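Throughout, residue positions are numbered sequentially from 1 according to the sequence presented. Note that the structure is a prediction, hence the values are computed from the model and not measured.
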Amino acid sequence: MLILISTSIVSTLPPASELSRRMAGFFFLLLFVLFSSSVCASPGKKPKPVQKPMQAVQQQSKESRERMKNRMRLLSSAKKRLALVPPTPEQKKRQAAEKLAARALNREQLAMHTRWRPGMMGGSEGLWPLATEALMAEMTSPRVEATVHKVIQRLKLQLGKPYVWGGQTPDQGFDCSGLIYYAYNKLLSQKLPRTANGMFQDQRLKRINQRQLQRGDLVFFSIKSQDRADHVGVYLGDGQFIEAPRTGLNIRISQLTDNYWQDHFLGAKRILTEEAIL
């Protein structure tokens, strides 16, 4: 259409030289080419992106999974290597201190049980008689408790044997101080005096009052005098003590709370300590 219009326009021009005609024809031909290219173009439409082949996408996802696996494998091996690193001396000291603190806490919790004693393990046969409140307030070391247990066992084996003045062996019999001398001396670093008053006057023994009594403490009485100890026994707990009373009677367990013993009570002393036992 544009060619026909340009031809008609050229034909209507006044006569001129052949060169002018050719130039006019060339001009209109150029306009035709420009118009055709603008019409054929599709403005507003972006060229479609080149899509990657499905095989390439799958290959990339597989590679990413492999990289993730390798990363996890490296992290796990790094954790294992850290676990195998030996602790430093400071860490060892800290761990030891934490263990000691945990043991001390466990011991405090166990001490809340009224029948538990340090060093005793196992079932109910390992439980000692019910403790007094004062006893729980002054817990002693396991070594001292084990020694107290031995002394109490030795004393109880003599129950029922006769009182013999001057006796200090199971074959002879015992008087009051001879019974203590026999039960304790083999377990002490320094020997006890032989008489009740000698024990009462011994400055190595710690003086205590009745509210502080623990198993294994010595209790002294003045039966025939007011300022001298002429009788001694061993406190067993729960207000009881074991004694060799007098001629004609056998070794027995008595109640410290009885009026007779309270009237003649002279004092008490602790004999078993960390420093005193072997």
Side-chain angles (χ1 to χ4, degrees), residues 115-122 125-129 131-132 134-135 138-208 210 212-221 228-247 249-254 256 261 266-278:
R115 296 184 65 195
W116 176 82
R117 287 293 177 275
M120 301 301 296
M121 302 295 291
E125 68 274 8
L127 297 177
W128 288 12
T132 62
L135 180 59
E138 278 191 47
M139 292 298 296
T140 54
S141 71
R143 195 165 74 97
V144 171
E145 288 290 348
T147 305
V148 171
H149 182 65
K150 290 179 183 178
V151 167
I152 299 300
Q153 290 299 105
R154 296 185 75 183
L155 289 169
K156 287 185 176 181
L157 289 175
Q158 313 311 317
L159 286 172
K161 293 183 179 180
Y163 174 94
V164 176
W165 187 85
Q168 60 183 26
T169 65
D171 295 334
Q172 295 174 342
F174 299 94
D175 59 16
C176 65
S177 58
L179 180 63
I180 281 75
Y181 192 86
Y182 162 78
Y184 283 88
N185 264 346
K186 290 184 178 180
L187 304 173
L188 298 176
S189 57
Q190 296 183 10
K191 305 307 180 184
L192 287 171
R194 176 59 180 82
T195 65
N197 194 59
M199 296 177 188
F200 185 68
Q201 299 297 333
D202 194 335
Q203 298 300 317
R204 296 171 301 172
L205 307 185
K206 179 182 177 182
R207 187 182 294 272
I208 56 175
Q210 284 197 58
Q212 297 173 313
L213 280 172
Q214 296 184 9
R215 290 164 54 90
D217 291 340
L218 303 184
V219 287
F220 297 91
F221 305 91
R228 289 176 56 85
D230 51 22
H231 189 59
V232 62
V234 178
Y235 187 70
L236 301 178
D238 295 329
Q240 296 181 332
F241 70 99
I242 189 169
E243 59 161 339
R246 64 177 186 272
T247 303
L249 297 178
N250 297 329
I251 296 174
R252 67 187 183 185
I253 294 175
S254 301
L256 184 60
W261 296 114
L266 185 61
K269 286 201 167 185
R270 182 154 300 149
I271 185 172
L272 294 178
T273 62
E274 282 285 351
E275 297 77 17
I277 63 178
L278 290 172

Are side-chain heavy atoms of [X] and [Y] found at a separation under 4.5 Å?
| X | Y | answer |
| --- | --- | --- |
| Val148 | Val151 | no |
| Lys269 | Lys206 | no |
| Leu159 | Ile242 | yes |
| Tyr184 | Leu192 | yes |
| Ile277 | Val144 | yes |

Could you report the tightest heavy-atom contact between [X] and [Y], atom names first, then the distance?
| X | Y | answer |
| --- | --- | --- |
| His231 | Ala196 | N-CB, 4.0 Å |
| Cys176 | Ala244 | CB-O, 3.6 Å |
| Gly216 | Ile271 | O-CG2, 3.5 Å |
| Leu179 | Glu243 | CD2-C, 4.3 Å |
| Pro245 | Leu249 | CG-CB, 3.5 Å |
| Leu205 | Met199 | CD1-O, 3.5 Å |

side-chain contact (heavy atoms from CB on, under 4.5 Å), that's the test. Do Leu272 and Leu188 meet it? Break it down for me. CA-CA 8 Å; Leu272 294 178; Leu188 298 176; 3.7 Å; yes
Between Arg194 and Asp175, does any side-chain N to carboxylate O distance fall below 4.0 Å?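 Looking at Arg194 and Asp175, the cut-off is met.
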Using a strict cut-off of less than 4.0 Å between a Lys/Arg side-chain nitrogen and an Asp/Glu carboxylate oxygen, indicate whether Asp202 and Arg204 qualify as a salt bridge.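 Here Asp202 pairs with Arg204 in a salt bridge, since their nearest N and O are under 4.0 Å apart.
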Residues Leu213, Ile208; criterion side-chain contact (heavy atoms from CB on, under 4.5 Å); working and verdict: CA-CA 7 Å; Leu213 280 172; Ile208 56 175; 3.9 Å; yes
As an exercise, state the distance from [atom1] of [X] to [atom2] of [Y], rounded to the nearest 0.5 Å.
| X | Y | atom1 | atom2 | answer |
| --- | --- | --- | --- | --- |
| Ile180 | Leu155 | CD1 | CG | 6.5 Å |
| Thr247 | Tyr163 | OG1 | OH | 5.0 Å |
| Lys150 | Thr147 | NZ | OG1 | 6.0 Å |

Within the side chain of [X], is there an N or O that forms a donor-acceptor pair under 3.5 Å with the backbone of [Y]?
| X | Y | result |
| --- | --- | --- |
| Tyr235 | Gly239 | yes |
| Asn197 | Arg228 | no |
| Gln240 | Leu236 | no |

Looking at the rings of Phe220 and Phe200, which for Trp means the six-membered one, are their centres under 6.0 Å apart?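 Close enough - the centres of the two rings lie under 6.0 Å apart.
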Run the ring-centre check on Phe174 versus Tyr182 and record whether the distance is less than 6.0 Å.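 Yes: the rings meet the under 6.0 Å criterion.
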Could you walk me through whether Leu218 and Phe241 satisfy the side-chain contact (heavy atoms from CB on, under 4.5 Å) test, starting with their C-alpha distance in whole Å, then the side-chain angles of each, then the deciding distance to 0.1 Å, before giving a yes or no? CA-CA 9 Å; Leu218 303 184; Phe241 70 99; over 6 Å; no
CZ/Arg246: more than 12 non-hydrogen atoms of other groups inside 6.0 Å: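 No.
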Ile152 and Arg215: side-chain contact (heavy atoms from CB on, under 4.5 Å), yes or no, with the steps? CA-CA 8 Å; Ile152 299 300; Arg215 290 164 54 90; 3.8 Å; yes
Can a donor-acceptor pair be found between the side chains of Arg270 and Gln212 at a distance below 3.5 Å?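 Gln212 and Arg270 do not have a side-chain donor-acceptor pair below 3.5 Å.
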For Lys161, enumerate each residue passing the side-chain hydrogen bond (donor to acceptor under 3.5 Å, both in side chains) test, keeping only those at least two apart in sequence or located in another chain.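 Counting only residues at least two positions away or on another chain, Lys161 forms a side-chain hydrogen bond (donor to acceptor under 3.5 Å, both in side chains) with Gln158.
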